Amino acid sequence: QEPKVFCYAWRRGRVLPRDQLDLAHLAAAERAIDARWLVVLDEVLPTAAQSFVAALQDNEVAVREPGFTIYRLAVRH
């Protein structure tokens, strides 16, 4: 089976450290780069803040694969 690679060139990205997986840091990162997609590794969810996990529910799941989920971020005003 060929590996699956998700890549979008010429766009800035942002990585949130494990100790910043909360709603405030997520919202700040979204605003800073006008993010439209979010990739979340399954392994970080048990230690993420409830506010982060709850915020994920507001977004459409674009891809769910073993080990990660890609969300299409909702427009926030």
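Only a predicted model underlies this, so the values are computations on that prediction, with no experimental measurement involved. Below, all heavy atoms of this structure are taken into account, side chains as well, without hydrogens, waters or symmetry copies.
For the residue pair Gln20 and His25, the shortest heavy atom distance occurs at O-CB, 3.1 Å. What you find for Asp42 and Glu65 is that their closest heavy atoms are OD2-O, 4.2 Å.
For the side-chain contact (heavy atoms from CB on, under 4.5 Å) test, residues two or more places apart in sequence or in another chain that qualify with Ala49 are Asp22, Ser51.
For the atom pair CG (Leu41) and CG (Leu21), the distance works out to 9.5 Å, reported to the nearest 0.5 Å. The CG atom of Leu16 sits 9.0 Å away from atom CD of Glu30, with the distance rounded to the nearest 0.5 Å. Considering CG of Leu73 and CD1 of Ile70, their distance stands at 11.5 Å, rounded to 0.5 Å.
The closest side-chain heavy-atom distance from Leu56 to Thr69 is not below 4.5 Å. Proximity of Trp37 to Arg72: side-chain heavy atoms (C-beta onward) are separated by under 4.5 Å at one or more points. Looking only at side-chain heavy atoms (C-beta outward), Arg64 and Tyr71 come within less than 4.5 Å of each other.
At most 12 non-hydrogen atoms from other residues, nucleotides or ligands lie less than 6.0 angstrom from CD of Gln50.
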